[in-house]
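See structure below.
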Amino acid sequence: MNDLFSAKSEVSQSPLADRMRPRTLEDIIGQDHIVGQGRLLRRAIQADRLSSIILYGPPGTGKTSLAAVIANTTRAAFEKLNAVLSGVKDIREVIDRADDRNRLYAKRTILFVDEVHRWNKAQQDALLPWVENGTVILVGATTENPFFEVNRALVSRSRIFQLKPLDNNGLMETAQRTISDKERGYGNWNVVFEEGALSHLVEVAGGDARSLLNAIELAIETSFSPWPPPAGKEIYISLEAAEESIQKRALLYDRDGDYHFDTISAFIKSVRGSDPDAALYWLAKMVRAGEDPKFIFRRMIILASEDVGLADPHAVSVVISCAQAFERIGFPEGNFPLSHACLYLATAPKSNTTMSYFDALKEVEREDAQVPNHLRDASRDAEGFGHGEGYVYPHAYRDHWAAQQYLPNSLKGRSFYIPSVVGYEGKIRDDVLLKRELQSAIVMGDSQSGEFLTWSPSAKGKEGWFKRLESTRSALLLGDRDIIFNAASPLREDRILIPLANDGLLLWESLRRCPEGLSAALVNSSSAKESLLRYASTVFQETEMPQIGVTEEILPEPEQCEEWFSCQEFDHILIRSARLSVTPKSLCCGAKKLLSKNGKFVLLFSPPRLGERISRILENPVLAKAEEDFFKNVSAQGLWDIEDITSAFEKEGFNIDISMIDQKEERLITEKDILAWFDTEHSRWGSFMAEKLEKSEFKQAEDALRAKIAKGPVLWKWKSVCFKGSFL
């Protein structure tokens, strides 16, 4: 078998683009988002643990070159097929050889398929079982979107990596490397470009490295005759010669491929964004290109429920009526109902609350909950099992509504539908939310009588309150996670470092959001690391596993990160912590060492000064003044404040963005909490208050809080700070 990636015996006879193909990962230019330091694909190639992948990108971005690097790096056997020239017979021959290697020598086989989208369904199906059972590891390359052009089953068994067109800096680096390379390029001669000539080639190449190299080859080798000249000879490339060597690239047009999906996507997003002008433009473009009007109407009917929804319940009726009108009259007059439906949706108020159905569906799939006894059919089993007992008939009440539990017991207090504030939903919002609040008050008290009872320590609903508090805590955790990731806005290929990651809250979200990047976590014990890895092994493949380091330090040195993660720089550092044991200055210096250019440091914390105060709960002005004095200078007490961290990071050149988040939860305060707070020896707050207040005032506050908690949970309010520092 010929190795199609091997060097030619006569280098000069090979095209320049073939001669300059990268040989190692370090040679690859412009694809740092997938093969840069610490990226998933780079780690898989270096560890020789590659799983099936599909490389997708425009011509000249390095798909075949990356396959060549894999061929040079892997210890597995390497086979190549071109989908244009090969068929099922060739696939079977490759599979037979791979099977023999596996059985006889326990050696893996990597199969590179160029232009994989060119194979028909039968040819792709012929390869599918061998990819699935691991006989071959597929490396496919395609210029077409694999989600549309490649067998869905084959795509589902492969990881997709999208290569991007090279920017001008990457193309210029490619050109300079070619001109100076003595072995494969033109380094043996003194190649001189007229001012602007090389820049012209780079600009017109439009991100296509192959087009650039072909133009350079043509420009250089036609500027001296006979070729090749003596070593050291000057070769001058004029601007005119450069212009003749490269032509403007033709735009690709494929009405049945990406163009079709990209245009309908632009149309839907314009309608969703309430831009009637853009919506009409994309509609006209689709109609002019011959798009099926039935397809356009189908997408508008979906949008009427998905994106307009209950903000305008009539939208779906209007669009269906326009679709029926079009079927009766056809083109050209059918353009009017098409435009009518488009403009109605684009100008309608928007709400996507119908998506709440999928939240309910997730709960159904997660747990098959029992129907509460009072909602069961009383006509069959009322006498034997008490089915239907306790059901409240709404029509027997004023306004034909009564508060009672309709969700399963395990979902008490769960909300799926949140009405928006626009259109029709804005009119029903207050009524929906009021009824929900009343339902919660009854359901959480475990009462089915319809009476509104005050909770007390002796009430039967105490267990329900604990469940409610647990549910609130979960919502707060998820809210904190979303705040942090929304502030960071990571890309799929980004490298994220998560200190204080014992709970895994940010780590799992990082793995979901950055599957082609790096998710690195720092924990403070080996047991925490083992626990996280044990969970990850049930969800993720070996190459997708998180990288975890054990340290007592919040931010270690870059050399330590290199040892743990094979990476010294990160695109994001994300921390969620109530309090940190280091100074703002040391935290800032540590972050600066580890962040890449334009990297982001995001910290969500709760300054004590912005926390809940006992005086607010008790509405006690005397206590309020004393607490104000206590929180005046928290930094002197070794506690952080916003100004401390802002000052430290600004001095190191970070751009700072701060947002305040109002937080609240129903908190069950216990007698143990009160004793700890009012301890004048061991509590910083308690000792300060005891000195500031009269003894009677201090005792009065303690007794008042004890009386307050006897009535049930307390609404606890505080503010969190989302601190984002961007390192330029």
Side-chain angles (χ1 to χ4, degrees), residues 32 36-40 42-43 46-47 480-481 484-485 487-488 490 493-511 513-514 517-536 540 543-605 638 640 644-645 648-654 656 723-728:
D32 185 64
Q37 186 188 54
R39 309 293 189 196
L40 173 68
R42 185 187 187 96
R43 300 199 310 270
Q46 289 176 330
D480 287 353
R481 180 199 67 185
I484 292 173
F485 276 93
E493 63 272 10
D494 278 352
R495 298 161 294 188
I496 295 183
L497 177 65
I498 306 171
L500 308 175
N502 286 39
D503 61 4
L505 179 71
L506 302 182
L507 178 59
W508 309 134
E509 185 69 5
S510 175
L511 288 165
R513 295 204 186 198
C514 306
L518 170 67
S519 295
L522 298 173
V523 298
N524 62 9
S525 68
S526 298
S527 59
K529 177 179 178 179
E530 291 171 5
S531 177
L532 293 177
L533 290 177
R534 192 182 307 115
Y535 171 77
F540 303 101
T543 55
E544 299 171 320
M545 292 284 283
Q547 309 293 306
I548 302 177
V550 179
T551 177
E552 293 290 339
E553 301 291 333
I554 293 178
L555 290 177
E557 293 296 319
E559 295 76 17
Q560 186 67 69
C561 288
E562 176 71 31
E563 179 183 337
W564 287 328
F565 313 126
S566 301
C567 180
Q568 292 189 7
E569 287 190 346
F570 299 89
D571 301 301
H572 306 275
I573 297 176
L574 309 180
I575 301 179
R576 174 185 169 273
S577 178
R579 294 179 187 173
L580 295 175
S581 58
V582 297
T583 64
K585 182 178 179 180
S586 63
L587 186 69
C588 174
C589 293
K592 189 174 181 179
K593 292 178 184 178
L594 294 172
L595 281 174
S596 61
K597 186 178 180 181
N598 298 321
K600 298 175 186 174
F601 174 87
V602 180
L603 168 66
L604 185 69
F605 72 112
W640 280 30
D644 303 324
I645 187 172
F649 274 76
E650 283 182 339
K651 286 179 181 178
E652 294 296 331
F654 282 79
I656 306 302
F723 175 91
K724 181 170 74 172
S726 301
F727 181 52
L728 303 180

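Identified under the salt bridge (Lys or Arg N to Asp or Glu O under 4.0 Å) test for residues 548-565, with sequence neighbours left out: Glu557-Lys593.
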Next item on the list: Let me see the working for Trp564 and Gln547 under side-chain contact (heavy atoms from CB on, under 4.5 Å), right down to the final yes or no.
Entry: CA-CA 7 Å; Trp564 287 328; Gln547 309 293 306; over 6 Å; no
Checklist line | Test side-chain contact (heavy atoms from CB on, under 4.5 Å) applied to Leu587 and Ile575, step by step | finding: CA-CA 11 Å; Leu587 186 69; Ile575 301 179; 4.3 Å; yes
Notebook entry, point to check: Is there a side-chain contact (heavy atoms from CB on, under 4.5 Å) between Trp508 and Leu532 once you walk through the steps?
Noted result: CA-CA 10 Å; Trp508 309 134; Leu532 293 177; 3.7 Å; yes
Checklist line | Steps toward side-chain contact (heavy atoms from CB on, under 4.5 Å) verdict (Leu518, Arg43) | finding: CA-CA 10 Å; Leu518 170 67; Arg43 300 199 310 270; 3.5 Å; yes
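With hydrogens and angles ignored, the 3.5 Å screen pairs a side-chain donor or acceptor of Arg495 with a backbone N or O of Gln37. Using a distance-only test at 3.5 Å, with no hydrogens or angles considered, a donor-acceptor pair links the side chain of Arg39 to the main chain of Glu493.
Under the 4.5 Å side-chain criterion, counting only non-hydrogen atoms from C-beta, Leu594 is in contact with Pro558. With contacts defined as side-chain heavy-atom distances shorter than 4.5 Å, the pair Val602/Phe485 does not qualify.
A distance of 7.0 Å separates CG of Leu574 from OG of Ser510, quoted to the nearest 0.5 Å. The distance from atom CD1 of Ile645 to atom CD1 of Ile656, rounded to the nearest 0.5 Å, is 7.5 Å. Considering CG of Leu40 and OG of Ser519, their distance stands at 9.5 Å, rounded to 0.5 Å. With values rounded to the nearest 0.5 angstrom, Cys561 atom SG is found 8.0 Å from Leu555 atom CG. Atom CG of Leu522 sits about 7.0 Å away from atom OG1 of Thr551, to the nearest 0.5 Å. Here OG of Ser726 is found 13.5 Å from NZ of Lys597. Values are rounded to the nearest 0.5 Å.
Heavy-atom minimum distance, Ala488 versus Lys600: O-NZ, 3.0 Å. Across all their heavy atoms, Cys588 and Ala648 have their closest contact at SG-O, 3.5 Å. Smallest separation of non-hydrogen atoms from Asp480 and Arg576: OD2-NE, 3.2 Å. Pairing each heavy atom of Arg513 with each of Pro490, the nearest pair is CD-CG, 4.4 Å. Across all their heavy atoms, Glu652 and Cys589 have their closest contact at OE2-SG, 4.3 Å. Considering every non-hydrogen atom in both Pro499 and Leu497, the closest pair reads CD-O, 3.4 Å.
In this structure, the ring-ring contact (aromatic ring centres under 6.0 Å, His included) partners of Phe649, at least two apart in sequence or on a different chain, are Phe601, Phe654, Phe723.
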